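All heavy atoms count here, side chains included; hydrogens, waters and symmetry mates do not. Computed from a predicted model, the values in this text were never measured in an experiment.
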Amino acid sequence: MATLHPRHAPRSHHPHPSHTNPPANRSTSWHVPSRSATFHGDEDVPWHHMAHAYTWVVENGYNSLERTNRKTEQWILQQQTFMASEGGDLRSAGRGPSLTQRKAWEDMIYSYEIEAEQWMRHEEEARRRAAEKERRARLVDEEMRRIETRMRIKREEERKKVAEEKHRLQEEVKERDWRNRLKVEKAILDAWRVYEERWTKLISSSDVLTFSSIPWPMVSAPRKPEDITPRAVVSFLFSQVHSEKQARKERIRRAQLRWHPDRFQRLLPRVKEEDKAQVREGVGVVARCLNDIRL
């Protein structure tokens with residue numbers, strides 16, 4: 001039987017051991033002859049340590065390759081059978097392995113050791129890359145959490161700022177309305193005070209009267225009869241700012257005593273002739289307004 005050197009073994013492009021996962025419940029399908037079976041206890045065989053290395057490589061390396069490289073497996077089985085038979089023949093002949101056999105074993109073990117070292121390096125590199133990938137993913141997650149926290153804080157600050165600005169504007173509107181109301185109330189009080197004083201002076205004096213000297217029941221004195229409106233008269237006479245103790249009926253009665261056309265006739269002779277028509281018209285507007293209120 002001719003010796004099949006590893007150089008002449010069938011070569012197949014099998015994947016790296018780290019890329020092939022052997023079945024968990026499947027054991028190797030070939031048998032490695034033990035030292036006792038091959039060399040029958042010969043402690044002086046110079047290459048028995050190579051048999052142990054070969055056994056270790058086969059058991060740990062080719063376990064994961066048997067599904068993907070049947071040709072290589074068959075060749076290894078042939079080599080095992082051949083070496084076992086040759087070892088038996090050499091034992092019976094009383095001589096050791098030949099130089100060709102020793103060289104074949106050394107080349108085979110050397111190639112297995114290279115593959116085992118490459119596989120361990122590949123596994124170490126894979127573990128290192130996996131750890132680095134996990135570390136980077138963790139850093140990305142931490143950075144995303146920091147970004148989300150900053151964005152949430154920024155949104156909360158913006159909402160708070162908008163709420164504060166809205167509250168400030170509302171307070172400004174309230175303050176402005178309050179000030180405007182105070183101004184209006186003060187204007188009504190001042191106008192009412194002047195109104196009462198001018199009526200008292202008008203009754204007690206005999207001065208010549210004009211349209212502008214008549215104390216019309218309005219906050220702003222009219223310049224012509226068209227400026228006298230029912231709304232302006234009502235808002236002035238029935239304002240809650242003045243005469244708080246007088247009821248609505250009492251206010252109407254007092255206004256009627258002053259602005260009824262028949263009663264106002266006694267004041268018309270004191271009005272300038274060029275203003276009498278305007279004064280009559282203005283008095284008529286006030287009187288009709290009061291009559292409408294009573295209705």
Side-chain angles (χ1 to χ4, degrees), residues 126-202 211-256 258-259 278 281-283 285-295:
R127 286 192 295 270
R128 187 191 67 79
R129 291 181 179 179
E132 180 65 17
K133 183 178 180 180
E134 182 180 357
R135 185 186 69 83
R136 291 182 179 180
R138 186 171 60 255
L139 292 177
V140 170
D141 291 340
E142 292 176 355
E143 183 63 22
M144 289 297 296
R145 285 194 294 271
R146 285 194 294 268
I147 293 175
E148 291 177 355
T149 301
R150 289 196 297 267
M151 292 179 64
R152 184 176 64 255
I153 294 174
K154 185 177 180 180
R155 287 194 298 268
E156 291 176 355
E157 291 178 350
E158 290 178 352
R159 284 196 299 266
K160 184 178 179 181
K161 185 177 180 180
V162 170
E164 291 177 351
E165 182 66 16
K166 183 178 180 181
H167 179 71
R168 185 184 65 82
L169 293 176
Q170 291 176 349
E171 292 298 322
E172 288 182 356
V173 171
K174 291 180 180 179
E175 179 71 14
R176 184 168 57 252
D177 292 343
W178 178 74
R179 292 182 181 276
N180 291 336
R181 186 170 62 251
L182 288 180
K183 290 180 180 179
V184 171
E185 291 177 356
K186 185 177 183 303
I188 293 174
L189 282 174
D190 292 341
W192 182 261
R193 179 179 52 79
V194 173
Y195 175 76
E196 290 293 333
E197 290 176 354
R198 292 179 65 185
W199 262 106
T200 302
K201 184 178 178 180
L202 185 147
F211 182 85
S212 61
S213 64
I214 301 296
W216 301 102
M218 296 174 60
V219 176
S220 300
R223 296 182 179 181
K224 55 185 180 296
E226 291 78 7
D227 295 337
I228 303 173
T229 62
R231 181 177 181 182
V233 172
V234 171
S235 64
F236 179 73
L237 292 177
F238 298 99
S239 174
Q240 299 297 323
V241 177
H242 63 80
S243 307
E244 297 90 347
K245 296 181 180 181
Q246 288 186 355
R248 181 182 181 87
K249 186 176 181 179
E250 179 64 20
R251 293 188 183 191
I252 293 174
R253 190 185 69 80
R254 288 189 61 187
Q256 283 287 348
R258 290 175 175 175
W259 295 104
Q278 291 184 339
E281 185 178 355
V283 172
V285 172
V286 175
R288 287 192 297 272
C289 178
L290 295 173
N291 291 331
D292 293 339
I293 293 173
R294 293 184 67 182
L295 294 175

Taking every non-hydrogen atom, the tightest pair across [X] and [Y]:
X    : Y    : result
A187 : V219 : O-CG1, 4.1 Å
W216 : F211 : NE1-O, 2.9 Å
G282 : I228 : CA-CD1, 3.8 Å
F236 : P217 : CD2-C, 3.3 Å
W259 : I214 : CH2-CG2, 3.9 Å

Set of side-chain contact (heavy atoms from CB on, under 4.5 Å) partners for [X], sequence neighbours left out:
X    : result
E164 : K160
E157 : I153
E134 : R138
P215 : Y195, R198, W199, L202

Using a 3.5 Å cut-off and no angle test, enumerate the donor-acceptor pairs between side-chain atoms of residues 140-147 and protein atoms at least two apart in sequence or in another chain.
from: E143; atom 1: OE1; to: R146; atom 2: NE; distance (Å): 3.2
from: E143; atom 1: OE1; to: R146; atom 2: NH2; distance (Å): 2.5

Distance in Å, [X] [atom1] paired with [Y] [atom2], rounded so as to fall on 0.5 Å steps:
X    : Y    : atom1 : atom2 : answer
R179 : L182 : CZ    : CG    : 8.0 Å
E158 : M151 : CD    : CE    : 9.5 Å
K161 : E156 : NZ    : CD    : 15.5 Å
S239 : W192 : OG    : CH2   : 9.0 Å
L237 : Q246 : CG    : CD    : 10.5 Å
E171 : L169 : CD    : CG    : 10.0 Å

Can you pull out every salt bridge (Lys or Arg N to Asp or Glu O under 4.0 Å) where at least one residue sits in residues 218-234? Sequence neighbours excluded, please. K224-D227
Can you pull the salt bridge (Lys or Arg N to Asp or Glu O under 4.0 Å) pairs that have at least one residue in residues 238-253, sequence neighbours excluded? E250-R253
Does D190 pair with K186 as a salt bridge, N-O distance under 4.0 Å? yes
Mind checking salt bridge (Lys or Arg N to Asp or Glu O under 4.0 Å) for [X] and listing every partner two or more places apart, or none if nothing turns up?
X    : value
K201 : none
R176 : none
E148 : none
E185 : none

Around atom CZ of R168, are there more than 12 heavy atoms of other residues, nucleotides or ligands at under 6.0 Å? yes
Just wondering, are more than 12 heavy atoms of other shown residues or ligands nearer than 6.0 Å to CZ in R136? no
Just wondering, do D292 and P230 contact through their side chains at under 4.5 Å, heavy atoms? no
Please enumerate all residues that pass side chain to side chain donor-acceptor pair (under 3.5 Å) together with R155, with sequence neighbours excluded. none
